[in-house]
Number of protein chains: 2
Amino acid sequence: MAARVKKDESPRTPLTPERVVSAAIELADEKGVAKLTMRGLAASLGVEAMSLYYHFANKGKILDAMVDAVFAEVELPAKDDEWKPAMRARAGSLRSVLLDHTWAIALMDSRPDPGLGTITHHDAIIGCLRSAGFSMSLTAHAFSVIDSYVYGFVSQESGLPFQSSEELADVAGGIIESLPVEQFPHFSEMVAAYYLHPEYSFAEEFLVGLDLILDGLERLRAAEVSDGES
Amino acid sequence: MAARVKKDESPRTPLTPERVVSAAIELADEKGVAKLTMRGLAASLGVEAMSLYYHFANKGKILDAMVDAVFAEVELPAKDDEWKPAMRARAGSLRSVLLDHTWAIALMDSRPDPGLGTITHHDAIIGCLRSAGFSMSLTAHAFSVIDSYVYGFVSQESGLPFQSSEELADVAGGIIESLPVEQFPHFSEMVAAYYLHPEYSFAEEFLVGLDLILDGLERLRAAEVSDGES
DNA sequence: CTTGACTTTCTTACATTGTAAGGTTACCTT
DNA sequence: AAGGTAACCTTACAATGTAAGAAAGTCAAG
């Protein structure tokens, strides 16, 4: 009553870990993770920097929570899905999530402490493969190849200095001109090829490699089944 | 004023970009890239921080040069090598180089400006594939999958909080104990499996995925050849 | 309402970082 | 020796993460 009717100075929504993390993600998405400072983050929440330290021990813990939140965004397979389309879908989802938060890959490398979202994620993937008949060790292999590929691909994709095909053509053109062509004939040829073929698509390239890997896994699984291994 | 005949026993080897870069790499290898500061780097060269700015416009240029130097360490295939063992060898070499300089992966992601070492490297790989009969586009696919895989794999490998099998067992044991097993049955099972199988080897895991990819590429190449595509 | 305990936020301060501006020394050529 | 340039240094500053502790807000019981 009294408190309610008090002067409406501020909506005084209290700071919570969740609000901090989502503000941090928003800020990192916009300005890049390098611009994510304690003061800036606090300001975006209408608060002073040191207030954040009541909810997080240090900046690193905030980064951990951000990574975990990103993982939680990835679509997980339903229980009865076929393993191959399920893996295809989740790889695609992982790629798109990581592209939305390009800072996440770099953070994951440097913050190995897995959170709940991460573990939930991994559990679902492993479960899908196992119930599709993958042995323990083949599951481990599958997990390793797929994730390595996706991380590596997105890491390169998001690090390159262009996003659209036109930008690619520009960059490629620039490289060609400033390069001693006779010294790097193959590289030049390659760049030229994509300079002339600006319909190059990261999405297609991604699927080529992914399907190559999934087909390989299917073969390994078939071999395993015919061996009776478990 | 006083005579300049001070203690001139210093061999006063002049600062060169090369010396700066190799000192920077050494420092990053030892203390981690986060501890690579201008002052620290200068001190390790017996010099003041601002002296570095005579040779490099800013810290970023030093980081670029470090990445390029790391790339130059990777073994390149000889011209007449079979493509498959050549790719296998260079992927292994790339992995070991990146493991020696774990900071390099993160830097590569954030510094897209390729240097001479990088281009030389790429040119050799492309040349090897092309002269093995790979079409332009299949070469691009091959390059993309292989590199994505290697980067992603090493990125995960070097980010994990253990190096040896014993440490793995320790970490796995710790995870098992502090985890609600019934909530993540598959994840727990997986961790337990490796807890009991401490002969797990990153090197082997790496080769499993790599060979899966190389076999897939061989199949694509065979299909291409029988199609007469170029 | 007052009191006091507890939670949440803020103030101040400091060590570290990258680097701009300009000064100082060392070395080479004439 | 003289002068010029290449190499290095001194000083200074703004921005960062965060330690220490003060202040404000919140709520239960007297």
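Within every chain, numbering begins at 1; the chains are lettered A, B, ... in the order of the sequence lines, protein sequences first and strands thereafter.
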Expressed in angstrom and rounded to an integer, what is the separation of [X] atom [atom1] from [N] atom [atom2]?
X     : N      : atom1 : atom2 : answer
A:N58 : C:dT16 : CG    : C1'   : 17 Å
A:Y53 : D:dA19 : OH    : C1'   : 10 Å
A:M38 : C:dC10 : CE    : C1'   : 16 Å
B:L45 : D:dA7  : CG    : P     : 15 Å
B:K61 : C:dT19 : NZ    : P     : 12 Å

Taking only residues two or more places apart in sequence or in another chain, which ones pass side chain to side chain donor-acceptor pair (under 3.5 Å) with A:D123?
none

Partner residues of A:E189 under the side chain to side chain donor-acceptor pair (under 3.5 Å) criterion, sequence neighbours left out:
B:R130

Cation-aromatic face contact A:R95/A:F206, 6.0 Å, 45 degrees
yes

Would you check, one step at a time, whether the test ring pair (Phe, Tyr, Trp, His ring centres under 6.0 Å) holds for B:F184 with A:H122?
CA-CA 9 Å; B:F184 306 110; A:H122 285 196; over 10 Å; no

Identify whether any heavy atom of B:L52 sits under 4.0 Å from a base atom; if not, whether one sits that close to sugar-phosphate; answer base, sugar-phosphate or nothing.
nothing

Return the CE to CE distance between B:M66 and B:M108, rounded to the nearest 0.5 Å.
13.5 Å

Please answer whether the main-chain N or O of A:V154 pairs with a side-chain N or O of A:S158 as donor and acceptor at a distance below 3.5 Å.
yes

Counting only heavy atoms and a strict 4.0 angstrom limit, can you tell me which residues of residues 18-28 of chain B come near DNA chain D?
none

Overall bend - the helix from C:dC1-D:dG30 to C:dT30-D:dA1, comparing terminal axes fitted on five pairs, nearest 10 degrees
10°

Just checking A:K61: does its NZ atom have more than 12 heavy atoms from other residues, nucleotides or ligands closer to it than 6.0 angstrom?
no

Within a reach of under 6.0 Å around CD of B:E75, are more than 12 heavy atoms found that belong to other residues, nucleotides or ligands?
no

Atom pairs, protein N/O to nucleotides 8-12 of chain D N/O, distance under 3.5 Å:
unit_1: D:dC8; atom_1: OP1; unit_2: B:L15; atom_2: N; d: 3.0
unit_1: D:dC8; atom_1: OP2; unit_2: B:H55; atom_2: NE2; d: 2.6
unit_1: D:dC9; atom_1: OP2; unit_2: B:E48; atom_2: N; d: 2.7
unit_1: D:dC9; atom_1: OP2; unit_2: B:S51; atom_2: OG; d: 2.1

Could you walk me through whether A:V74 and A:L98 pass side-chain contact (heavy atoms from CB on, under 4.5 Å), step by step?
CA-CA 9 Å; A:V74 180; A:L98 290 178; over 6 Å; no

Any heavy-atom pair between the side chains of B:E157 and B:S155 that's under 4.5 Å?
no

Validation: residues 21-43 of chain B side-chain donor-acceptor distances under 3.5 Å, sequence neighbours left out:
unit_1: B:S22; atom_1: OG; unit_2: B:E18; atom_2: O; d: 3.4
unit_1: B:S22; atom_1: OG; unit_2: B:R19; atom_2: O; d: 3.3
unit_1: B:D29; atom_1: OD1; unit_2: B:H101; atom_2: ND1; d: 2.8
unit_1: B:D29; atom_1: OD1; unit_2: B:W103; atom_2: NE1; d: 2.7
unit_1: B:D29; atom_1: OD2; unit_2: B:H101; atom_2: ND1; d: 3.0
unit_1: B:T37; atom_1: OG1; unit_2: B:G40; atom_2: N; d: 2.8

